[in-house]
Student: 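I have a structure I would like to understand better, so I am pasting it below and will then ask my questions one at a time.
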Amino acid sequence: MLQPQILDYGSMMDQFPEFQRLKKGISRLMSAIDVPYCPDFTAVNVWSGQDDAVITAELPGIDPGKLDISVTGNILKISGSREPEAVRNGDGYYRRERFCGPFTRTLQLSFQADAARVDAKYEKGILQITVPRAESDKPKKIPVRKD
Amino acid sequence: MENKSEQVPTAVSPAAPQVRWMRDAKRYIPPVDVYETADNIILVADVPGADEKSIDITVEKNVLTIQGTVEPVAFKDHKLSYLEYDVGDYYRSFTLSGEIDREKIAAVVRDGVLHLTLPKSEQMKTKKIAVKSA
């Protein structure tokens, strides 16, 4: 017999974000099978401001010179590669949990970016990209004339 | 998030340094690689956001502990609109075998990656035994 709370519509709705998260997790896991990079590696956070967005990504142990960051319209693309440890012949691994290999992340921003003023810095393994909003994309205030 | 980092000093009493880890912060287990070379055991850990000042490595009896503190970041006049990773402290401990020379453990952190070199003690190193002809 069904528990009465299962039929309670309100509590079902409370579980909805959790189902969504589970579904996303499973599809991500499945998509990773035939993809040559780890889709989780470049985990990114996006901070939105009035006139720009700050994107931070945890990328420990990357040569910043080999990172490829490009901005086209409202698309930001970060790609690069993390080299494995220089292990010589005869050395053996006990544990291997860190990701290595090529990765790409593409983000869609909520505005058109000013590609010329994009700034990126890399410190303590964290990449921070500041993408300013293009002047032409900013909202214009329209004054109301009085006739 | 700014409030969170401001709360930290009040939560920690200077008289009780041992309760340093009662911080209002999440604690993560850093992923590690461990491999063995001829002379050393190398431990590599990903600790993005931590640097040489914020990482503590201790060896007590035969337990090696890595602790790292990372302050949460916040950008002025910005709000977090998309989150894939969370910022927190790092903590992981390992049991050392008797073959590690505890006095000579060396640690280097660069670009958020911690490299620990655990030298093997002299008697544990691989020795080649020369075969003489009789």
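Convention: sequence-line order gives letters A, B, ...; per-chain numbering from 1. Everything numeric in this text was worked out from a predicted model, so none of it was measured. The figures here come from the full heavy-atom set of this structure, side chains too, leaving out hydrogens, waters and symmetry mates.
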Student: Under 4.0 Å between a side-chain nitrogen and a carboxylate oxygen: does that hold for B/D39 and B/K104?
Tutor: no
Student: Which bit of B/I41 comes within less than 4.5 Å of chain A, counting heavy atoms only: side chain, backbone, both or neither?
Tutor: side chain
Student: Looking at B/P48, B/A38, B/G112, which makes the most heavy-atom pairs under 4.5 Å with chain A?
Tutor: B/P48
Student: Name the option with the most non-hydrogen atom pairs under 4.5 Å to chain A; the candidates are B/V109, B/D51, B/D77.
Tutor: B/D51
Student: So does B/K120 pair up with B/E36, basic N to acidic O under 4.0 Å?
Tutor: yes
Student: Name the region of A/T56, side chain, backbone, both or neither, that has any atom closer than 4.5 Å to a heavy atom of chain B.
Tutor: both
Student: I'd like to know if A/E97 and B/R92 make a salt bridge, using a cut-off of under 4.0 Å between side-chain N and carboxylate O.
Tutor: yes
Student: Scan B/T69, B/D56, B/T65, B/I66 and name whichever one has a side chain to side chain contact (heavy atoms under 4.5 Å, CB included) with B/Y91.
Tutor: B/T65
Student: Looking at the rings of B/Y90 and B/Y28, which for Trp means the six-membered one, are their centres under 6.0 Å apart?
Tutor: no
Student: So what's closer than 4.5 Å to chain B heavy atoms on A/D63: side chain, backbone, both or neither?
Tutor: neither
